[in-house]
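Per chain, numbering begins at 1; letters A, B, ... match sequence-line order.
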Amino acid sequence: MDWISAIVQGTLLGGLYALFAAGLSLIFGVMRLVNIAHGDLIVLAAYMGLSTTVMLGIHPFVALLIVAPAMAGIGYVLQRGILNRTLGDDILPPLLVTFGLSVILQNALLEAYSADPQKMNAGVIETASVPVGGLTLGVLPLLTFAIAVAVIAGLQFIFYRTSLGRAFRATSDNSDIAQLMGLNKAHVFGMAMALALAVTAIAGILLGVRTSFDPSVGGARLIFGFEAVIIGGLGNLWGTLAGGVILGVAQTLGAKIDPGWQLLAGHIAFLVVLAVRPQGLFPRVAH
Amino acid sequence: QTPTIKVGHVSPRTGPLAGFAEADDFVLEGIQAALSGGVENNGKSYNIEIISKDSQSNPNRAAEVAADLILGDEVDIMVAASTPDTTNPVSDQAEINEVPCITTDCPWQPYFFGRNGNPAEGFDFTYHFFWGLEDVIGNFLDLWGSSGAAQNIGGLFPNDADGNAWGDPELGFPKPLSEAGYTLTDPGRYQPLNDDFSNYIAAFKDAGCEIITGNMIPPDFATFWAQAAQQNFRPKVVTIGKALLFPSVIESLGDRGDGLTSEVWWSPNHPFNSSLTGDSAGDLANGYTAATGRPWTQPIGFKHALFEVVRDVVSRAADLDDPMAIVDAIKSTNMSTIVGDVNFGAGPVPNVTKTPLVAGQWQKTGDAMELVITNNAAAPNIPVGGELKLLS
Amino acid sequence: MPKPVLSLHKLDAHYGDFQALFGVDMDIAAGEVVAIIGANGAGKTTLLRSIAGLLKNQAAQVTYQGDAIGALRADLVAHKGIALVPEGRQLFPSLSVEENLQIGAHTGRAGPWSLDKVYGLFPILKERKDQASTTLSGGQQQMVAIGRALMANPDVILFDEISLGLAPVIIKSIYDVLPNIVGDGMTALIVEQDISKALSVSSRVYCLQEGRVSLTGATNTISRDDITRAYFGVGA
Amino acid sequence: MTARISRTSRSAQVAMVIAALGLIVLAAAPWWAGRADLRLLGEIYLYLSLAMLWNLMAGYAGLVSVGQQAYVGFGGYMLFALTMFAGLHPILAILAGGVLAALLSVPIAALIFRLKGAYFAIGTWVMAEVFRLSFAQASSLGGGSGSSLPVDVVKSFAASRSGREALSYWLALGAAVVVIACVYLFLRSNRGLALTAIRDSEVAAAGLGINIWRTKLEVYVVTSAFTAIIGGLIFLQKLRISPDAAFSVNDWTAFVIFIVVIGGIGTLEGPIIGTILFFLLRETLADLGTTYLIVLGLVAIGIMLKAPKGVWGLIRSRFDLELFPLSYRVKSDNSDKGA
Amino acid sequence: MSALLSIKDLQKSFGAVIVADASSFDVAQGEAVGILGPNGAGKTSLFNLITGALRADAGTIHFDDQDITKISAAARCKLGVARSFQIPQPFAGMTVFENALVGATQGGGLRGREAEVHALDVLDETGLADKANMRAGSLSLLERKRLELARALSAKPKLLLLDEIAGGLTDAECGALIDTIKRIHANGTTIIWIEHVVHALMAVAERLIVIDFGRKIAEGEPKAVMDSPEVKEIYLGIAADA
Ligand SMILES: Nc1ncnc2c1ncn2[C@@H]1O[C@H](COP(=O)(O)OP(=O)(O)OP(=O)(O)O)[C@@H](O)[C@H]1O
Ligand SMILES: Nc1ncnc2c1ncn2[C@@H]1O[C@H](COP(=O)(O)OP(=O)(O)OP(=O)(O)O)[C@@H](O)[C@H]1O
Ligand SMILES: [Mg+2]
Ligand SMILES: [Mg+2]
């Protein structure tokens, strides 16, 4: 039972990681952009949620109605203003620019909100639980997992069933040829970043409800996001969910052996997957 | 022309530990005002100049700025506070560069043993005042004893300097707890910024733990505490070091902060006065609230006391140009401060002395959360402010 | 000659330090079908990329319907009605056949071409519409590439090496439909190494050598020897 | 044949003379500089060395690693472990750390060389995390809390304080000189020529008989060993080690990437210029705390957008300068034409 | 006459595109062979297979009595196989001389002064001596093609593979190129040359191989091959209707 419980909890944790990773996966899949600032953008969203809830006295989930569009706007401007100019075969310019962005975000948040840990109050949902076949599961983790699935299903739908998604895929395949079709690469990438940051807003709000956060906590979660994306395979959103779950389960199982092994087990799972399949488990485009 | 004594001060102004240093500006202003007339030494008046640097909560950076202060600013005395991540690298630099150094705000075991100190030899230049694990254990035992909860304890110790010291089988909690008849369930050391405590919670539930203790950083505690509720784990007493020190953290937990318990190093109700300004603990805390609009925090008293000791040492040193003479003055310190007595002659190991510690509980009074002292067996001169209440 | 719809004025093109085109002049009248021939690396692809906006030039170096478009981004050029069928087909591998065609219509320009009309032209594509574009044969891929460009309802269409790497039968079938495409007044530039094929559909020819126009004239007035000399720079 | 090959230029000769003079002046620093300056210079040398090494890897071999902190931390920990438990002299321990790092880097390379581009970068980062978490489990080295270098070990390094300071300064200076000299001589050698060829075109390089995988592996192993040695020297200065400090991605990799890319990647001059810029920024602004870091971020973004080849790239596009003479110049002695 | 290069049943495809379809042929020590075929026939791919830039799906390649089917491109070069690239791949950041020096020191295995002299000789031979100090990235297309030849030669190959180096030359230049290649051949280097400029090829090649869709469709004495009806139809579209 303990092991089953560990696996279930790990799966739910994987939902959280997948949510962290979903935006990253989109950015990486469409623009091949390694976004070092992603973790800090999640924290930024959490702070925006906090300010909104405090100022308007609304529930954090309602605050999403404001935070998600705001983050999307930030994403669009960021992509068109800065990030588009760093794209190319060389991964260093985006790496360094997003590193700079990450440092700026962290310190600007520190100036604005201080280093105090903050938390958003979502009321009873935070502590509610439901019994499921002998296990007691938190409503919030279940909700997080469900949201992760919904977000990924939504992204998958946009990606594969809409003209915007078609534009994403075409521009990602070959941006020059996509331009020939009349697609403005800068705008398409801007839209992709906007969508990614809207997802980031969801991740940020859930993070801020789940635990307390301060300006420095973004970086620590970034690496799990990358791992989930890579385990899943480039550009495969369901793969990203699977990657998150693999990481989460590896962590809880590792922790069952010894809590010191929790994070290590996740990383080792990642390395093992890569040793066996360097392109990830479910790459969308086979090479 | 009055000569100047330079004091280097390292503290985590920014980064995850910044809560410890939030009152720095206020305290330093007060100290500078109090010292503006200079300090008498052997009939001569000296100015005291405090040069403060930020460790960014990063031990690398702490070592760097300490070295800058010692080598660049050529400070005569180093001081530092707030967790082993600050005190240890700063003390190491001071020791090796032969500069007298006084630190606080870190239990003495992680300070002393964390620096590979040897009780037979001690250190030459570095001194520390605070309480120790035995004190926190004594207080917690007292608190738990008065709670009537079952003697089954769950331990949450991270793999960091504090967590390793608290959970150490020899020097930390495990031994005294079993001696006192408690059963400790300690699944192991987790890595800070943990996202999942379900294994801990399952183990605590299995063992029927009614008391939870440990030493955590705030985000980890918040994660644990939410997950505990989600998994229907409802201990009667939760006593956690570090995470529950600051009002802002308790506030962020909402109603779930009510009833949590913690060690209390200092409070406005401590019956001590500043040797520098004559202010009582209450005066100092109220001054902070008046100046900033924020609730008082425990490090205020210790930051103030750090400079009380500095002033005392400067006034007594036989020769302020000789670091060894300053060290001798530190060694012979025996004074009352706003956090209690500091007497380096009476420490558990060389270079270390202890200040009194009590235990308390965050209780909701009206709209605000207040840290109420509930147990004072270890320091009866510090008054109790209320009764311990069980969480469930 | 009627007023040109598309003209190049002293067009230069560079890849970094490397100059690929040197002062190319060209005038194309509406409805004309012009062939551009030249050896490997002569600069034919570069020329088409410059017109399509994939290579940036000075605005005045390319004019289209009176507008200086040399400095315009490729997507804006596409919106103006110039479509390129790129060398090597360059389909979008993560799009299905039909999606590849649909994305061609992104500019939303009105005109005779629609999905149905393209399927009418290449019936085999309708059968394969949900297949991944990479699983088609080379000839079928070339059909998609052409169909994709037509979906934009362009006024000017640029073909880059449509017969490259295709079997003779396929080449023949593609050249057979070409008159249907350019028949109703569409202007076309055809880059081709298969000289006889190129000449068979065009009314005028430009020959490029080393980034310069080495020969130009009406198809029926130019001799094979002229072409060979202009093409290789040596007498055959 | 009357042509002659020369591998130097006027600007390089001038630079060499200035560098030699500068080196003499710097070597004498313990006699003319203050203690703080000595320490700062020591730190600059160590960062310069890290930057040189990372530049060799990323700028020439195309191995964009964000996990070099693995080796910095490893070197640091080996200093502590080997002095505390094996009783080695600190200098020996640091060198041994380099050798061990080289051995360790081979199996790691076998794993992460399977990854390309961004995947490689993230793989190296995860590897460094594995190092960090593993050392956090080593309770004899203080686990997650870390450990201080015992006073007697420090004293065994040099008896007096000033002797210790001078010695650790010279070690840092020596390390930087050795690293720069090694990287320079390597790039001047035939293998360096091969590596530069790989940088320009892998497929042509392979076609000319260059074993790409092995060349990259050699670079990876050698840089790992040197990086570990530099790590040992860094923590000899810091005297205290903990997993978070030892394996900090910001301190040992992000700042180094900043230095190299800002200075000009794929050149030998770039890391030098980048190091100077980085320390100028830090020394003038570090006391501003958050503002300093925000400025650092802005500089990174600004330079990447305005001068993607870095400051040296900007200089070189204006003037045809080469301070490190790597290129070959063919000079014909007679006036007769070559062909 | 022993075969220097011997190819048996070589098979390679990219998805549906077959670039080598059970190809087999031998090249004798000291021979000069020309390869012809329409665009996309698989000529360059054949070179890629011989040099190891591509791995064969099936079949074997023997060079100098050694099975080289599975060894790396670098190892093949060390054994004596060097090639020029149809799309020039200069080491753009290095000078022309350094480009040649890479070949001399790596594939050629020469050291120090010896390597430098060899590199200079090769530049002399290919008419690039006065460009020795130029950055390869700033060469014109024709110079780049010449550099391809120079770099391949600098590796001291036993077998030299040339991929379309005569396109776009003037009569005089083409003549000089033919002389150069003849000289290289006379020095004992075995040559396989892919070329669309047929008269240049005819001037050097002792044997022609014609391929289409990865298949060998004709092989033999140059004149006879060029006169064969298949070649006329498939390859010389121009000649047929001229
Ligand atoms: N991206 C590029 N970077 C550098 N040089 C290039 C690039 N693209 C083309 N070139 C060079 O520009 C010149 C002209 O190339 P272009 O592709 O226009 O020729 P082409 O006539 O279309 O040849 P082909 O018949 O082989 O398609 C060639 O020398 C080529 O090597
Ligand atoms: N790496 C690859 N991946 C997929 N297809 C390839 C690859 N390399 C070559 N091809 C395809 O294989 C076919 C043969 O190409 P190859 O370059 O060998 O032709 P070629 O005979 O050299 O033609 P040309 O005379 O134009 O140089 C072409 O259709 C080409 O598109
Ligand atoms: Mg072309
Ligand atoms: Mg070819």
Side-chain angles (χ1 to χ4, degrees), chain A residues 1-2 5-6 8-10 12-13 16-17 50 106-107 110-111 114-124 126-131 135-142 207 209-217 219-221 224 248 251-264, chain B residues 12-22 56-58 156-159 186-203 205-206 217-234 243 246-257 294:
Chain A
M1 202 61 203
D2 269 7
S5 162
V8 171
Q9 296 292 347
L12 295 182
L13 180 63
L16 183 72
Y17 289 157
L50 181 75
Q106 270 185 37
N107 288 282
L110 197 64
E111 282 288 310
S114 86
D116 289 351
Q118 309 271 7
K119 202 174 161 306
M120 269 178 277
N121 207 322
V124 287
E126 283 183 30
T127 52
S129 59
V130 286
L135 300 174
T136 316
L137 299 181
V139 170
L140 190 61
L142 282 173
L207 175 74
V209 167
R210 190 176 191 276
T211 181
S212 61
F213 55 93
D214 63 64
S216 68
V217 300
R221 264 92 183 191
F224 303 136
Q251 289 194 4
T252 46
L253 291 182
K256 191 107 198 62
I257 299 163
D258 179 328
W261 276 79
Q262 183 160 351
L263 299 186
L264 212 47
Chain B
R13 291 265 184 147
T14 56
L17 299 177
F20 282 91
E22 72 168 52
Q56 299 169 1
S57 301
N58 172 342
L156 283 160
F157 304 109
N159 185 13
D186 175 9
R189 308 283 157 275
Y190 67 88
Q191 211 54 36
L193 277 186
N194 192 357
D195 281 321
D196 180 72
F197 287 95
S198 54
N199 279 301
Y200 282 86
I201 293 165
K205 271 171 135 176
D206 283 351
I217 55 171
D220 282 337
F221 178 74
T223 307
F224 163 75
W225 197 217
Q227 276 194 327
Q230 288 160 11
Q231 291 170 34
N232 252 327
F233 175 56
R234 312 208 180 278
F246 299 108
S248 59
V249 176
I250 300 297
E251 222 168 83
S252 74
L253 295 173
D255 283 345
R256 303 256 309 145
R294 295 171 66 92

Spacing of [atom1] belonging to [X] relative to [atom2] belonging to [Y], to within rounding of 0.5 Å:
{"X": "A:Q9", "Y": "B:F197", "atom1": "CD", "atom2": "CZ", "result": "13.0 Å"}
{"X": "A:L137", "Y": "B:N232", "atom1": "CG", "atom2": "CG", "result": "11.0 Å"}
{"X": "A:L12", "Y": "B:Q227", "atom1": "CG", "atom2": "CD", "result": "9.5 Å"}
{"X": "A:Q262", "Y": "B:N194", "atom1": "CD", "atom2": "CG", "result": "4.0 Å"}

> Got a donor-acceptor contact below 3.5 angstrom from the A:S129 side chain to the B:Q230 backbone?
Replying inline: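 Yes, because the side chain of A:S129 sits within donor-acceptor range (under 3.5 Å) of the backbone of B:Q230.
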
> Is the backbone of B:A222 close enough, under 3.5 Å, to the side chain of A:S212 for a donor and an acceptor to pair up by distance?
Replying inline: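 Flag not set: sc A:S212 to bb B:A222 has no pair under 3.5 Å.
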
At a heavy-atom separation under 4.5 Å, does [X] approach chain B through its side chain, its backbone, both, or neither?
{"X": "A:S216", "result": "side chain"}
{"X": "A:E126", "result": "backbone"}
{"X": "A:A128", "result": "backbone"}
{"X": "A:L13", "result": "side chain"}

Is [X] close to chain A through its backbone or its side chain, or both, or neither, when contacts mean heavy atoms under 4.5 Å?
{"X": "B:R13", "result": "neither"}
{"X": "B:E22", "result": "side chain"}
{"X": "B:F221", "result": "neither"}

>> Ignoring hydrogens, what is the shortest heavy-atom contact between B:G254 and A:N121? Give both atom names and the distance.
In response: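 In this case the closest contact between B:G254 and A:N121 is CA-ND2, 4.0 Å.
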
>> Whether A:R221 and B:D195 form a salt bridge (side-chain N of Lys/Arg under 4.0 Å from carboxylate O of Asp/Glu) is what I want to check.
In response: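 Looking at B:D195 and A:R221, the cut-off is met.
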
> With a 4.5 Å limit on heavy-atom distance, are the side chains of B:N199 and A:P259 in contact?
Replying inline: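 A side-chain contact is absent here, since even the closest heavy-atom pair is not under 4.5 Å.
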
>> Quick one, A:T127 and B:R234 - any side-chain contact, counting heavy atoms below 4.5 Å?
In response: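 No, side chains not in contact.
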
> Among B:F246, B:W225, B:Y200, which has the most heavy-atom pairs under 4.5 Å with chain A?
Replying inline: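 Ranked by heavy-atom pairs under 4.5 Å with chain A, first place is B:Y200.
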
> When heavy-atom pairs shorter than 4.5 Å are enumerated against chain A, which of B:S248, B:A228, B:A18 gives the highest number?
Replying inline: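 Ranked by contacts with chain A, first place is B:S248.
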
> Side-chain donor-acceptor pair under 3.5 Å between A:Q251 and B:D196, yes or no?
Replying inline: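 Per modelled atom types, A:Q251 and B:D196 side chains form no pair under 3.5 Å.
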
